[in-house]
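Presented below is the structure to which this report refers.
Chain identifiers are assigned alphabetically (A, B, ...) following the order of the sequence lines, protein sequences preceding nucleic acid strands; residue numbering begins at 1 within each chain. Any value given below was found using the heavy atoms of this structure, including those in side chains, with hydrogens, waters and symmetry copies removed.
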Amino acid sequence: MMKIGFGQADITPRGGKLSLIGQMYKRYTDEIHDPLHAVAMIIESDSARTVWVGIDSIQLYATTTEYALAEVRKVIPDLKDEEFVISATHIHTGPDLCREGMTLGMKSDRSVPDGVLTPAECARQTVIGIAAAVREALKNMKEARIDVSVARIQTGVTRRIAFKDGSAAMYGNAYREDFLKAEGRDGGPTQLIYVYDMQNKLFGVVANVPCTAQCDEGALYATADYWGVVRERIQAEFGQDVKVLGLCRAAGDLSPHHIIDRTPMERDEGLYTGRKNTLYLGNLIADAIISHKKYVIASYEGNVRHHQATRMVDFPTWEITEAEYKEALAYFADKNNFNEDGTPKVAFDNSNARGRKIRFENNNKVHPAPIACTVLGNLVFITSPFELYIEYADRIRMALGDNMVFDVQLTYENLAYLPTPQAVAGGGYSANLACNTCSHTAGPVLVEESVSLAKELLKK
Amino acid sequence: MMKIGFGQADITPRGGKVSLLGQFHQRITDKILDPLYAVAMIIESDNARTIWVAADTAQMYEPSTRMVMEEVRKVIPDMKDEEFVLSATHIHTGPALWLDTFLSLTGDRSEPKEALPAAECNRQFAIGIAEAVKDALDNMKDAHMDVSVARIQTGSNRRVTYKDGSAQMYGNAYRPDFLRMEGRDGGPTQLIYVYDSNNELYGVVAAVPCTAQCDEQAYYVTGDYWGVVRDRVKAELGENIKVLGLCRAAGDLSPHHIVDRVPMERDEGIYSGRKGAVYMGNLIADAIVTHKKYVVASYDGSTPHIQGMRRVDFPVWMPTEEEYKWAIDYLGNKDNFNEDGSAKVAFDNGNAHARKLRYERGQTLYPSNVYCTVLGDVVFLTAPFELYIEYADRIRMALGDKMVFDVQLTYDNLGYLATPQAVAGGHYSANIFNGVCGPEGGEKLIEESVALAKELIK
């Protein structure tokens, strides 16, 4: 028998202003446009258990995940490490959860002034919320069946523009005369799971969307971006008890912002930017969830095959040559690279130099991080701790062609972007040492390890 | 004042069986699942006139288009050449209209005796189009319009690339050496809602980056997803509402999922065959219904309107002498053919015929038409190709101040217009026998399209 429970809890930190993370500049606010949430889904079937929590956050850090796991164990004391999956919706309008930041070269001053909640306090409140969501899911466990569907809506679109000289830029200016093409493809369809009780009453939806929740990324308020809209619409349509677990498919080179499909009317405050874009995309996804209940491509019930596992993977870090290290030292030694107050004149150069210096001196050749796999019937959820370029997810899915693969990014930890060789050659943000833990050499490792983990579970 | 009229007429060939065009194998049928239509839209404003007809057909060829224009001139005698735009929805479940073309996929221009001849299908086609235009003319009224953009996923990239640098249309992405999709998927669907002076909707223009070939293997006549769209829109918004269905650049796209296909779809899933047509039709119709409220621009009677056309000499993809010799050798070698004379390898045969024909004819330029309609900030630009989306992206970006509706398969069919990357990767749609032009034709198309639009906008 398959039992599933959903739970939801508010994780918006309270008691002070928030320092919103997601831009290169500081944003402090005490305005909460709509609350941030954690949504938990627990699946028990075939003697296996999966406890999956999706949170409205930009990303996860290993420390936050460990903290959350410890808190969740207060609710489920026998919870095994591999049973717990945590993923982020990648909003840019929530608090930072870790002062340490990512293992990046990017200078990350995360100090906060008086009156602003610290990352540690935000993390504390977040993990309490996560545990509350899990508790509610546990309380709501019931015998369930599921329907699977695929909605062909356009959510995330490619955000890297390639030029005729071989260079590329994230959010590059496609109106330039030397514009050549979009570097990669747009996001695929939205994958959907509808969860019903044995009276055929819908009580949960899993929506795996190839688009980060950053429509309204420049906002000066806390918001769950399009997920807030989706949850409200779905509850209005199907009932207050229906929970939506929002997952982000591979979308490292995607975003909700149109570039080559932008119309001139959109350039300023059009229909598809800022809060309006949030409303548009949220309603698009909600409409798809509503209309696709009838397009069922697979159904599962009873004692559905179910396996859950994680694997620790040693991802090769972006390698620094001695020459690059020396260049970095020369950069720091040259006063001309800095303003009088010590700030760098060119942020990217500074980040690159910093990244090169730290990495060369630390000499960490690998960065270990977990990936998880959930098998449920012919459905395979595969996670990655990256902002994953879609090409790698395509390759993972195709290598597991007999199964419907839900690729989910930004789980457990954030090793930042995982670019393709083509992107690294083109350069620009997201394909740069300054903003990445790994270069494209980690891509084949991720593909191989993910496929091998899934195949291992599918053999059972 | 802006006056717009819509008209529609059945163009399904009657009086015999139909040989369906769109596959390498012959399909002859007398079954009509749903009728084929021509939808006409006439715009008159600012001393300009545009007569746009979209027809459920695989493609247009210049002689066929000229014949249609003669028929339409019986309805509008003073119609100028540049005022008339004819585009195809690119169904694969309708008749062939013209056989004698420069572009031949196999060299075979014969037609089955048991089906209606192409000339007869074309005759009926032309009459139907003239009826649609007459209907539109009879329904001209003061109009205003809203423009919208629907973010639905219709056409997906259909070229799979492998680690050795090769590519294949509909290639097997389950191969261990699968690398990536060659290009991007189709963009959003562009929409125009046309209202009368009482704010009653009576026409919709939908430019969809997806060919109407969901049900391309069918053994019946059908308008594919456009049939579903028209029925649904009428049911939702009113019986008198006409939908002018345009196909945006989609040479490297199709409605068939490859990397986004799920195993449940492989055989007879909800996204393939007739079910695919129903799914896609409903997806587009839902978007038309829901996006009425998402207005990005509105235009009324004071809107600038200009209509233009340019004759462009496209450079022909010419074979080298070595390639010509290979073609002669190939065609002279009986081992390449079966006993009934059919080719053992269709692609090789197609390449051999194209190389021989082009080398011997020596025609290095192929003239064809591109059209441009300027209506406020909206610019329609056409291409007589199955146009790889990259070229349309570049045209749109070069006209960044305008909202460009890129429409393919208009006036004539010069086949696929592939990118350099695609030609390097090879396979169907990037071969000499698939297109009159190679990538240099793409550069020419961009240059001429942008120049024409800028000239009109000025």
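B:D393 touches chain A through backbone and side chain together, each having a heavy atom under 4.5 Å away. With a 4.5 Å cut-off on non-hydrogen atoms, A:T155 touches chain B through its backbone but not through its side chain. In this structure, the portion of B:M181 lying under 4.5 Å from any heavy atom of chain A is its side chain and not its backbone. Neither the backbone nor the side chain of B:A398 comes within less than 4.5 Å of any heavy atom of chain A. A:N173 does not touch chain B: none of its heavy atoms, backbone or side chain, sits under 4.5 Å away. Heavy atoms of A:I390 lying under 4.5 Å from chain B are absent altogether. Within the 4.5 angstrom heavy-atom criterion, no atom of A:I161 approaches chain B. For a residue to count as touching a neighbouring chain, one of its non-hydrogen atoms must lie under 4.5 Å from one of that chain's; by this rule B:T154 touches chain A with the backbone only.
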B:V149 vs A:T263, side-chain contact (heavy atoms from CB on, under 4.5 Å): CA-CA, chis, key distance, verdict | CA-CA 9 Å; B:V149 178; A:T263 57; 3.9 Å; yes
Audit row: A:E183, B:R184, side-chain contact (heavy atoms from CB on, under 4.5 Å) steps and yes/no | CA-CA 8 Å; A:E183 187 182 81; B:R184 66 184 289 249; over 6 Å; no
Apply side-chain contact (heavy atoms from CB on, under 4.5 Å) to A:Y280 and B:H291, showing your working.
-> CA-CA 10 Å; A:Y280 178 82; B:H291 280 68; 2.5 Å; yes
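Across all their heavy atoms, A:Q154 and B:G186 have their closest contact at NE2-O, 3.6 Å. Heavy-atom minimum distance, A:Y295 versus B:N282: OH-CB, 3.7 Å. Residues B:M397 and A:F179 share a closest heavy-atom pair of CG-CE2, 3.6 Å. Here the closest non-hydrogen pair linking A:P264 and B:G400 is CB-O, 3.7 Å. Smallest separation of non-hydrogen atoms from B:Y279 and A:R152: OH-N, 3.0 Å.
Contact tally against chain A (heavy-atom pairs below 4.5 Å) for B:M280, B:R180, B:R396: the top residue is B:R180.
Rounded to the nearest 0.5 Å, atoms OG1 (A:T158) and CG (B:D185) are 10.5 Å apart.
A salt bridge is defined here as a Lys NZ or Arg NE, NH1 or NH2 lying under 4.0 Å from an Asp or Glu carboxylate O, and A:D178 with B:R394 fails to meet this definition. A salt bridge links A:R185 with B:D260: the closest approach of a Lys/Arg side-chain nitrogen to an acidic carboxylate oxygen falls below 4.0 angstrom.
Remark: B:D164 pairs with no residue by the salt bridge (charged side-chain N to carboxylate O under 4.0 Å, His left out) rule, at least two apart or across chains. With sequence neighbours excluded, no residue forms a ring pair (Phe, Tyr, Trp, His ring centres under 6.0 Å) with B:Y391.
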